[in-house]
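Here's the structure we're looking at; comments come further down.
Heavy atoms only: backbone and side chains are in, while hydrogens, waters and symmetry mates are out. Each chain gets a letter, A, B and so on, in the order its sequence line appears, and its residues count up from 1.
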Amino acid sequence: MSRSRKKKNSVSTAIVVISLLIAGIIIMMVVLSVMYFRDAEKADEETTPEESTTAVQTTAEATTTTAASMTKVTTTPMELEGTSETEATTASETLSFSREFFQNDLFIGDSITTGLSLYEYMPAANVYAKVGLNPETAQTDNIDGVTLSEKVSAMQPRNIYIMLGTNGLAFMGADYMVNRYIEMIAMIEQACPTAKIVVITIPPVTKVHDAAGNETMEKVTEYNSRLKTMCDNGGYTCVDLCAYLQDSEGFFSDQYAEQDGLHFLGTAYIAMLGYIENSLEG
Amino acid sequence: MKKFIAAIMLIPVLLFTACHAEETKQVKPADVTAAVLAEVNIASAVEKGKDSIADFYGKMDVSAVKDASFYICGSGAYPDEIAVFQMNSSADAETAKAAVQSRLDERIEQFKTYTPDEMYKLDGAFLIVKGNYVILLACADNDKAREIVNGMF
C-alpha cells in the first residue's frame with residue numbers, strides 16, 4: 001500500500017471515530033435532558049395542592065358560597081357521612097339544611113333542579129333532572145339512558161320531590177300540565193309505592209322576566225294553584241316554595257334569581273333545601 | 001465512507017427529533033380555565049375537576065386523564081362550558097376528543113329549543129387538541145377564549 005493511501009485510510013478512520021464520539025455525546029445529552037425534564041414535572045405534580053370546587057357568584061347582591069363552608073359530597077346517597085350542615089348568610093336570615101335528611105330522597109325536575117347537583121348541594125345520584133323537562137316529557141324521556149320509572153324503581157327513595165312545570169308555562173295550558181302531572185305521579189307510585197310524593201310549587205319569576213311575556217307570574221300563580229288542588233285531591237304533600245322565594249311585590253327575589261330571572265343562584269338552593277326540610281319536619 | 005459518516009451523523013438528529021415530536025408545553029388545566037374565566041364571563045360559574053368527569057363526559061376514559069378543569073353554569077340557565085383535559089398522551093387526547101364532541105352535541109340538542117338566543121355560544125364553540133390536551137371553549141366570546149388558550153401553550 002502506498003504512503004498516501006495509508007495516510008488516507010488513517011484520516012478516514014479518525015473521522016469515523018470522531019463522528020461516533022460526537023454522535024454518542026449528542027445522544028447522551030438528549031437522554032439526560034429528557035430525564036431531567038421528566039423529573040422536574042414529577043416534582044411539580046407532588047407539590048401541586050388539590051383543587052376544590054368553588055361557586056362564583058356574578059351578581060353583586062348575592063352571597064358567595066365558598067368551598068370552605070361546604071362539605072364535599074360523594075355521588076351515592078348511602079355514602080354520606082353523618083350529619084353535616086351547610087350554611088349561607090342572606091341579607092335577612094341564616095338558612096341551613098342537613099344533607100343527611102335528604103340522603104335517601106330523590107329530586108325530580110328541569111334545568112333549575114340540575115343546579116342542586118351542579119352546585120353539589122346534592123349528590124348527582126339524588127337528582128333526576130334535565131334541561132327542558134316537563135310533566136309530559138318526564139314520563140318518556142331519559143337521562144343518560146335511564147327513564148324516570150327506572151330511576152325510581154332502582155333507587156326506591158324515601159321522599160320524592162317534584163318541581164316541574166316551568167318549561168310548559170309558555171306553550172301548555174295549566175290543566176293539560178296538571179293532568180300530565182297526575183299521570184307522572186301514578187307512574188312513580190307504581191315504581192315505588194312506599195315513597196312519599198312531595199310536590200314543590202314552581203318558583204316565581206322576576207319582574208323583568210315577567211315583562212317578557214313567556215313565563216309570567218300570572219301563569220305561575222295559576223299553575224301552582226292547580227297543583228295545590230291536585231295535592232289536596234290526591235293526598236300529596238305540597239311545599240309552596242314559590243311563596244317562600246317571592247319578594248314584597250310578589251316576584252322572584254333578586255337575592256335568589258339568576259340573571260335570566262328564572263333560574264336559581266346558589267343561595268336559592270340553600271333556601272329551597274332548608275325550607276323543604278323545615279316544612280316536612282314541622 | 002462519506003455515506004457511512006453521513007448516516008452516523010443522522011442518528012442523533014433523528015433521535016433529537018423523535019424526542020421532541022410529542023412535546024407540548026405542559027400547563028395546569030386549572031391555570032388555563034382560570035385565565036379564560038378572568039376575561040370571559042360565565043354566569044354562576046362552577047369549577048369541576050377530574051373527579052366530576054364521569055358525571056359530565058360519560059364517554060371519556062377517566063384513567064387516561066392526567067388532570068382536568070372545567071367550568072359550567074351552576075344554575076343550569078346557560079350552556080357555557082370551558083373545559084381543559086390534560087391526557088396521558090396525545091393518542092389519548094385524540095380518543096378523548098370524541099367524548100368531548102359527544103358532550104357538545106348533547107348540549108346543542110338540549111339548548112337549541114330551550115334557549116335559542118344562547119345557541120351562538122355552542123354553534124361557535126371550539127374543540128381543540130394540542131398534543132396531549134383536549135380543550136372545549138363554549139362561551140360568550142369563543143374567539144377571545146381561543147386567543148387566551150393559544151397564548152398559554
Side-chain angles (χ1 to χ4, degrees), chain A residues 12 15-16 18-20 22-31 33-34 37 41 44-45 48 50-59 62 67 72 74-75 109-120 124 129-132 144-145 167 257-266 268-269, chain B residues 1-2 4-20 23 26 28-31 33-34 37 41-52 54-56 58-59 66-69 71-79 86 106-107 109-115 117-118:
Chain A
S12 301
I15 291 172
V16 169
I18 291 167
S19 303
L20 284 170
I22 293 171
I25 290 167
I26 293 173
I27 290 169
M28 251 180 62
M29 281 173 63
V30 168
V31 169
S33 63
V34 167
F37 283 115
E41 210 179 300
D44 281 347
E45 282 174 6
T48 300
E50 190 139 6
E51 297 293 331
S52 62
T53 300
T54 312
V56 175
Q57 300 290 0
T58 58
T59 304
K72 187 111 176 91
T74 56
T75 57
D110 50 33
S111 57
I112 295 172
T113 304
T114 63
L116 281 173
S117 58
L118 292 178
Y119 276 117
E120 297 186 13
K130 185 177 178 177
V131 171
D144 295 328
N167 283 307
E258 174 61 275
Q259 290 173 19
D260 67 350
L262 187 75
H263 288 82
F264 288 11
L265 292 174
Y269 293 104
Chain B
M1 180 55 71
K2 283 181 186 171
F4 176 73
I5 294 167
I8 293 292
M9 295 304 289
L10 206 55
I11 292 171
V13 173
L14 287 173
L15 201 65
F16 189 80
T17 309
C19 283
H20 286 77
E23 187 180 315
Q26 298 300 292
K28 286 179 195 158
D31 289 347
T33 53
L37 264 287
N41 183 54
I42 293 182
S44 301
V46 177
E47 186 185 9
K48 302 289 183 184
K50 188 177 170 182
D51 55 353
S52 297
D55 291 335
F56 295 87
K59 294 180 180 176
K66 192 173 184 181
D67 193 9
S69 170
Y71 280 86
I72 43 93
C73 171
S75 69
Y78 305 110
Q86 183 185 23
E106 190 183 290
R107 299 288 275 173
E109 199 55 40
Q110 283 177 353
F111 280 89
K112 66 181 181 186
T113 50
Y114 186 65
T115 48
D117 291 349
E118 293 285 314

- For B:D67, enumerate each residue passing the side chain to side chain contact (heavy atoms under 4.5 Å, CB included) test, keeping only those at least two apart in sequence or located in another chain.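 By the side chain to side chain contact (heavy atoms under 4.5 Å, CB included) rule, B:D67 matches B:P29, B:Q86.
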- Query: Where on A:N167 is there a heavy atom nearer than 4.5 Å to chain B: the side chain, the backbone, both, or neither?
  - Reply: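 Just the side chain, heavy atoms under 4.5 Å.
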- Item | chain B contact via A:T113 - which portion, at a heavy-atom distance below 4.5 Å |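 Neither part; nothing is under 4.5 Å.
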- Message: In the structure I gave you, are the side-chain heavy atoms of B:S52 and A:E120 within less than 4.5 Å of one another anywhere?
- Response: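 Yes; the side chains approach each other to less than 4.5 Å.
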- Query: Which residue out of B:Y114, B:F56, B:Y78 racks up the most heavy-atom pairs below 4.5 Å with chain A?
  - Reply: B:Y114
- At their closest point, which heavy atom of B:A77 faces which heavy atom of A:D260, and how far apart are they? CB-OD2, 3.5 Å
- Message: Suppose we screen for ring pair (Phe, Tyr, Trp, His ring centres under 6.0 Å). Which residues come up paired with A:F264, at least two apart in sequence or across chains?
- Response: A:F252, A:Y269
